[in-house]
Amino acid sequence: MSFEVFEKLEAKVHQAIDTITLLQMEIEELKEQNNQLKNDAQQAAGNHESLARENQQLKEEQHLWQDRLRVLLGKMEEV
């Protein structure tokens with residue numbers, strides 16, 4: 001009788017060890033995924049900043065061209 005109880009306990013211990021091992025592997029995978037997502041987020045933030053600067057530069061350039069065009073149109077009206 002006690003041998004059967006010991007076998008059941010041993011089986012449960014092995015099952016617990018297997019479950020723990022699987023959970024540890026899953027944790028490692030999730031950590032790697034988390035690190036990859038952090039890197040992706042940092043890269044996206046860098047791209048966003050770069051695009052925001054480029055957008056601002058293009059807006060300033062557009063305003064310069066609009067001002068030049070207004071001056072030229074003003075000169076044409078004078079003629």
Side-chain angles (χ1 to χ4, degrees):
M1 182 71 137
S2 65
F3 186 70
E4 289 175 13
V5 172
F6 179 72
E7 285 181 343
K8 287 181 183 179
L9 179 60
E10 186 178 14
K12 287 184 180 183
V13 168
H14 284 294
Q15 185 180 9
I17 289 171
D18 291 343
T19 302
I20 290 169
T21 302
L22 288 174
L23 290 173
Q24 287 174 334
M25 290 170 54
E26 187 177 346
I27 287 170
E28 287 303 314
E29 288 176 11
L30 290 172
K31 283 181 180 179
E32 289 175 14
Q33 185 180 13
N34 189 33
N35 286 336
Q36 182 63 43
L37 290 172
K38 283 181 182 179
N39 291 339
D40 291 350
Q42 288 175 344
Q43 185 177 5
N47 290 342
H48 179 266
E49 290 174 13
S50 174
L51 290 172
R53 282 192 302 271
E54 183 180 358
N55 187 34
Q56 184 60 36
Q57 182 181 8
L58 290 171
K59 283 181 180 180
E60 291 171 4
E61 198 173 308
Q62 179 187 15
H63 289 297
L64 288 174
W65 281 105
Q66 285 176 341
D67 289 343
R68 287 181 177 175
L69 184 58
R70 282 190 196 105
V71 169
L72 286 173
L73 290 173
K75 287 181 180 179
M76 287 178 66
E77 287 180 6
E78 291 175 4
V79 173

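Position 1 is the first residue of the sequence, and the numbers go up from there.
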Once rounded to the nearest 0.5 Å, what's the spacing between atom [atom1] of [X] and atom [atom2] of [Y]?
| X | Y | atom1 | atom2 | value |
| --- | --- | --- | --- | --- |
| N47 | E54 | CG | CD | 11.0 Å |
| H14 | L9 | NE2 | CG | 10.0 Å |
| Q42 | L37 | CD | CG | 11.5 Å |
| I20 | Q15 | CD1 | CD | 11.0 Å |
| N34 | I27 | CG | CD1 | 12.5 Å |

Using the test side chain to side chain contact (heavy atoms under 4.5 Å, CB included), find all partners of [X] that sit at least two apart in sequence or belong to another chain.
| X | value |
| --- | --- |
| L23 | T19, E26 |
| R70 | Q66, D67 |
| Q57 | none |
| T21 | I17, M25 |

Open item on the list: Going by the rule salt bridge (charged side-chain N to carboxylate O under 4.0 Å, His left out), which residues pair with D40 if we only count those two or more places apart in sequence or in a different chain?
Closed with: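 Result, salt bridge (charged side-chain N to carboxylate O under 4.0 Å, His left out) vs D40: none returned.
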Task: For R53, all residues meeting salt bridge (charged side-chain N to carboxylate O under 4.0 Å, His left out), sequence neighbours excluded - done: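 R53 satisfies salt bridge (charged side-chain N to carboxylate O under 4.0 Å, His left out) with no other residue.
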